[in-house]
Amino acid sequence: MKSDTAPYGAPTSAARAGRFWRNAARSKYLYAMSLPFVAWVFVFNYLPLWGWTMAFQNFRPGRGLFDQEWAGLTHFRMLLQDDMFYLVLRNTLAMSLMGLIAGFTVPIVFAVLLNEVRNIVFKRFVQTVSYLPHFVSWVVVAGLVTKMLSTQNGIVNDVLLWTGLIHEPVQFMAKGEWFWGIVTAADVWKETGWNTIIYLAAIAGIGPELYEAARVDGASRVRQIWHITLPGIRTTIIILLIMSIGHLISIGFEKQFLLGNNLVREYSQVLDLYALNYGLGMGRFSFGTAINMFNSLVSVILLLVANGLFKRFTNESIM
Amino acid sequence: MRNKKWIQPAVAVVLLTGLLAGCSGGNGGNDNAGNAASNGSANNGDTANNGGANSGEAGGDELEPITLTFYGSDSSPNWQKMQDAAGRAITAATGVTLDAEFAVGDSTQKIALIAASGEYPDLISPKGELSKLVDAGAMLDLTDLIEEHAPNIKKLFGDQMSRLRYSTDDPSIYVIPTYAEVGGGLLDAGGGFGLQHRVVKELGYPEIRTVEDFENAIRMYLEKHPVDENGNPNIGLTLDSDDWRTYITVTNPAFFTTGAPDDGEYHIDIDTLEVTYHFRRDVEKEYFRWLNHMNAEGLLDKESFVQKTDQYKAKIASGRVLGLIDQGWGYADGENALKTEGKMDYTYGHYPVTLREEFKETSFWPTGFSPGWGVGITTGAEDPVRAIQFLDFLASDEGQILDNWGVEGEQYVIEDGKRVVPQEVQEFAKNDPTGFQKESGIGFYHNMGGHYGDGVKDETDNYYTKNFPEQIVEGYTDAEKETLAAYDATVWKDLFPSEKEFPVRPWGAAWNITVPATSETNILAEKMKEITWKRVPEAILADPADFDRIWDAYMADLEKAGVERMEDGYEALVKERVELWSD
C-alpha cells in the first residue's frame with residue numbers, strides 16, 4: 001500500500017485540527033519534499049486505474065472511450081467459468097504461500113544466527129556474499145538452476161549419485177509436483193541474503209542493555225534470542241508480513257516462465273502468465289484487464305483482512 | 001534547528017539541478033535536431049552522388065533522406081543498421097534509412113502492445129498477428145498506393161494481385177507479401193530428419209526412408225560409439241520443445257511423416273475442405289507412439305522436453321547429437337559452430353523419413369502463391385508514398401539482386417553476362433556465415449520486400465536468388481557432397497518426393513490464414529495448444545504400456561475443451577479463403 005507516503009500526523013478528531021495546521025506550518029519543508037512523491041503515486045498508480053474501464057468493454061485499440069462497445073461483466077463471467085483460471089490461481093497461491101513461509105522463516109533465522117556471530121569480519125563477509133544473488137537476473141538464475149538440476153553433468157545429480165542415494169539421475173525439471181519446491185528453493189537462494197538486511201537492521205536497534213541485563217540474570221544465548229531478539233523485531237516482522245500478504249497474488253511470472261517447460265505446465269502456469277497468454281497475447285485487452293482487476297481486488301481484500309487480524313490479536317498494523 | 005539549516009540549501013540544490021537538467025535536456029534535443037538536419041543535408045548530397053554513380057538512373061531527384069521506422073516479427077541478430085553493403089546501396093537508391101526493431105522471442109505480445117499503444121512504426125511486419133493491427137485501424141490500405149507508386153510490385157505480383165486482399169468483407173491490401181515467393185519453388189531440403197554424416201558413413205550409407213531406418217541407424221552407431229572422445233555420452237535424438245519450437249521439432253513432423261501437408265495445426269481434406277485438428281488423425285498417434293518407443297529404448301534424449309533452446313543448440317554444437325528432427329534454421333547456430341571448428345562430419349544431412357513406406361514425405365507439397373504474411377504501412381507513417389516506394393524498390397530487380405547477391409564488384413561479379421560469386425567470397429560465406437552476412441547484408445532485407453522464388457530468371461537470364469542447383473552444390477561442405485554422392489543424389493531435395501507428386505491446395509497453406517484475434521476459434525486454439533503441449537510430451541515419455549491410455553485421455557480432453565467447435569470455426573475461415581481467391 002502506498003499509504004506510507006502520506007504525510008504523518010493526520011488528525012484523528014476535529015479538536016486536533018488546529019494543532020495539525022500549526023504542525024503543518026512548522027514542517028512545511030517536509031511537506032514540500034513529499035509532494036513530488038505524492039504526485040508520482042497519483043500519476044503512475046492512480047491515473048492508470050482509468051484503464052480499468054476496459055474490463056467492461058469489448059475494447060478495441062485506437063478508438064475513443066465513447067466508440068467502444070460496452071460489455072458489462074461478460075469478461076468476468078468468462079474468467080470465472082474458465083477451468084484454466086482456477087488451475088493458475090491454485091498454482092499462484094501455492095507458490096506464493098510457499099514463498100511466503102520460506103521467505104519469512106529463512107531470512108529471520110539467518111539474521112538471528114548472523115547476529116550471534118561475534119567475528120565482525122566474518123559476519124560482514126557472509127552477509128555480502130549472501131545478498132549478492134539478489135542482483136543476478138532471473139534469466140541467469142533460471143539457467144543456473146536448470147544446469148545444476150540437469151541429468152547430464154548436473155551437480156545435484158552428480159552429488160546424489162556419488163553418495164549413493166540414487167542410482168540413476170533424477171529428472172528434477174520434468175516432475176510437475178516438484179516444480180513449486182524448485183521455484184521456492186531458487187527464490188530462497190536468490191533473496192534470503194537481501195531479505196535478511198532489514199531484520200539485521202532491526203536487531204541492531206535493540207538496546208545492548210537488555211542483553212546485558214539478561215546475561216546478569218543468567219540467560220543463555222538461546223534464551224536471549226527467544227526473549228529479546230525475536231520480540232525486538234516483532235514489529236518489523238509483522239509489518240513485512242502484512243505487506244507480503246497483500247502481494248500474495250501478484251508474484252510475477254519470470255521464475256515460472258523461465259523455469260517451466262511443457263512437462264510441468266500444469267504446475268507452472270501462474271495468473272500473470274495466464275493474463276499474458278490469454279489476454280494481451282491474443283489481443284483480448286478487456287479480458288486481460290478483467291484478470292488484473294480481479295487480482296487487485298483480491299490483493300486489497302487480503303491486505304485488509306491480514307491487517308485487521310493482526311490489529312486485533314497483536315495490536316500491530318500498518319494502517 | 002540544525003536540520004533546518006541544511007534542508008533549505010539542499011532543496012534549492014535539488015530544484016536547481018532539476019531545472020538545469022531540464023534546460024540542458026531541451027538544449028540537447030535542439031542541438032541534436034540541428035545536427036540531424038545538417039547531417040541530413042550533407043547526406044543528401046552524398047546519396048544523390050552515390051545514386052547517380054551506382055545506377056545512373058536514380059539521379060538526384062527528390063531523394064530527400066528519410067528515416068523510416070520498422071518493426072519485424074522475426075529476430076535479426078546480425079542486423080547492422082543498414083551499414084552493410086546491400087543496406088548502403090538501398091539507402092543510396094531510395095534515400096531511406098531504416099530504424100528497425102526486431103522481435104526477441106515470440107513477437108505476439110509485442111504486436112499486441114504496438115496495436116494498443118497507438119504508436120506505430122512506419123513499416124511493420126506482423127506475420128500472423130496482422131488482424132490485431134487491422135482491428136486497431138493501424139494499417140493503411142495499400143491498393144491505391146501500389147497503383148500509383150509501385151510499378152515493380154505490380155509487375156512482381158501480376159495477376160495474383162487478388163490474392164493480396166485481406167478478406168471478403170474488407171478487400172483492402174494491408175501487406176505486401178514478403179514471405180511467400182512468386183514463382184519458383186524450394187530447390188533444396190533444409191530440414192526434416194537429420195543424421196550426422198559420420199553416422200551414415202560409418203554404417204555404409206544405409207537407406208534412410210522410414211522412422212525404423214532412422215532409429216536403426218542411430219542405435220547401431222550408438223552401440224559402437226556410446227561416448228565421444230571426451231567420455232561424454234553421445235545422444236541419439238534430441239528435440240527442442242522450448243515454447244513455439246514444440247511445433248517445429250515435436251508436432252509438425254507428425255504430419256510430414258504421415259503424408260499430410262503443412263497446414264499449421266490443422267488437417268484439411270482437399271475435396272470436402274473438412275478441417276480436423278491434426279493430432280486427431282489416427283495415423284499421427286502412431287508417429288507419437290514411435291517417439292514413445294524411442295524414449296523407452298533410451299534413444300531419445302531425456303532432456304528433450306526440459307531443455308531450453310540455447311541448451312539444445314549448445315548440445316548440437318558439442319557434436320554429440322547423432323539425429324535431429326528439426327528445420328535447418330532451427331539448429332543452424334549449433335551447426336555453424338561445428339563448421340567453424342571444422343567438424344564437418346558432425347553436421348547433418350536431410351532425409352525424407354516417413355512413418356511407413358506407404359507415405360510420401362510432404363515437405364515439398366507446393367503451396368501455390370500463398371500470401372498472408374508481409375510488410376505493411378501503418379497509419380502512423382508520415383510519408384506513405386516514400387514508404388511504398390521503398391517497398392517497391394525492394395521488389396524491383398535491382399532490390400532483389402542486392403538482397404540475394406549483394407553489390408556488384410563486391411559480393412559478385414559479372415562474367416560473360418552471368419552473375420558469379422568469386423571463390424574467396426564463396427569461401428568466406430561458407431566458413432563464416434555470420435561475418436559474411438554482417439558485411440554483405442545479404443538476407444537482411446529478404447522478408448522486407450516481395451520477391452521471386454528460387455529458380456526464377458530475370459531479364460539478363462540470371463537467377464534472382466542464389467539458390468539454384470549449381471550454386472547450392474557449391475555451397476555444400478565436402479562432407480555433404482560425400483554423403484550425397486553415396487546416396488546417388490546431387491542435392492538433398494533429390495531424396496525427397498518432388499512437388500509434382502502433390503495436388504495444389506486451393507487455400508494455399510492454411511498456416512497463414514489469419515484468425516480474428518478475439519474470435520472463439522482463436523481462444524479455443526490457445527486451449528488446444530495448452531492441452532497438446534502438456535499431453536504429447538506426457539505420452540511420449542510414458543511407459544509404452546500406458547501410451548494408449550494417455551492418448552485416449554488426451555483425445556477426451558480435446559473433445560471436452562471444444563475441439564469440434566474450433567474445427568468448425570476454422571473450416572469457415574478456410575472456405576472464406578478459398579472463395580476470396582477463387583476469382
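A note on names: the letters A, B, ... follow the listed sequences, proteins ahead of strands, and every chain is numbered from 1. These values consider heavy atoms only, across backbone and side chains, with no hydrogens, waters or symmetry-generated copies. These numbers come from a predicted model, not from an experiment.
The environment of E297(B) atom CD is dense: over 12 non-hydrogen atoms of other residues, nucleotides or ligands sit within 6.0 angstrom. In the displayed structure, E177(A) atom CD is contacted under 6.0 Å by more than 12 heavy atoms of other residues, nucleotides or ligands. At most 12 non-hydrogen atoms from other residues, nucleotides or ligands lie less than 6.0 angstrom from CZ of F257(A). The number of heavy-atom neighbours closer than 6.0 Å to CD1 of I155(A), taken from other residues, nucleotides and ligands shown, is 12 or below. By the 6.0 Å contact criterion, CH2 on W40(A) is open, its count of non-hydrogen atoms from other residues, nucleotides or ligands being 12 or less. Within a 6.0 Å sphere centred on CH2 of W50(A), heavy atoms belonging to other residues, nucleotides or ligands number 12 at most.
Taking all atoms of both residues into account, the shortest heavy-atom contact from M282(A) to I523(B) is CE-CA, 3.3 Å. Across all their heavy atoms, A112(B) and F285(A) have their closest contact at O-CZ, 3.5 Å. When all heavy atoms are compared, the tightest approach of A174(A) to V306(B) is CB-CG2, 3.9 Å.
In this structure, CZ on F305(B) lies 13.0 Å from CZ on R265(A), to the nearest 0.5 angstrom. Taken from CG in D243(B) to CG in N262(A), the straight-line distance is 8.0 Å, to the nearest 0.5 Å. Atoms CD and CE, from Q307(B) and M173(A) in turn, are 12.5 Å apart once rounded to the nearest 0.5 Å. Interatomic distance, CG of L276(A) versus OG1 of T108(B), reported as 9.5 Å (0.5 Å rounding).
N522(B) has its side chain out of reach of R284(A): every pair of non-hydrogen atoms, C-beta onward, lies at least 4.5 Å apart. A heavy-atom distance below 4.5 Å is found between the side chains of N277(A) and Q109(B).
Contacts of N232(B) with chain A are made by side-chain atoms alone, with heavy-atom separations under 4.5 Å and no backbone atom involved. For S150(A), the parts sitting under 4.5 Å from any heavy atom of chain B are the backbone and the side chain alike.
The residue among L280(A), V264(A), L263(A) with the most heavy atom pairs within less than 4.5 Å of chain B is L263(A). Residue with the most contacts toward chain A among S117(B), S131(B), S241(B), P233(B): S241(B) (heavy-atom pairs, distance under 4.5 Å). Note: D82(A) leads N58(A), D82(A), D83(A) in heavy-atom pairs under 4.5 Å with chain B.
Contacts of residues 525-541 of chain B with chain A at a heavy-atom distance below 4.5 Å involve E526(B), K527(B), E530(B), W533(B), K534(B), P537(B), E538(B), L541(B), listed in sequence order.
No side-chain donor-acceptor contact under 3.5 Å links K308(B) to the backbone of N261(A).
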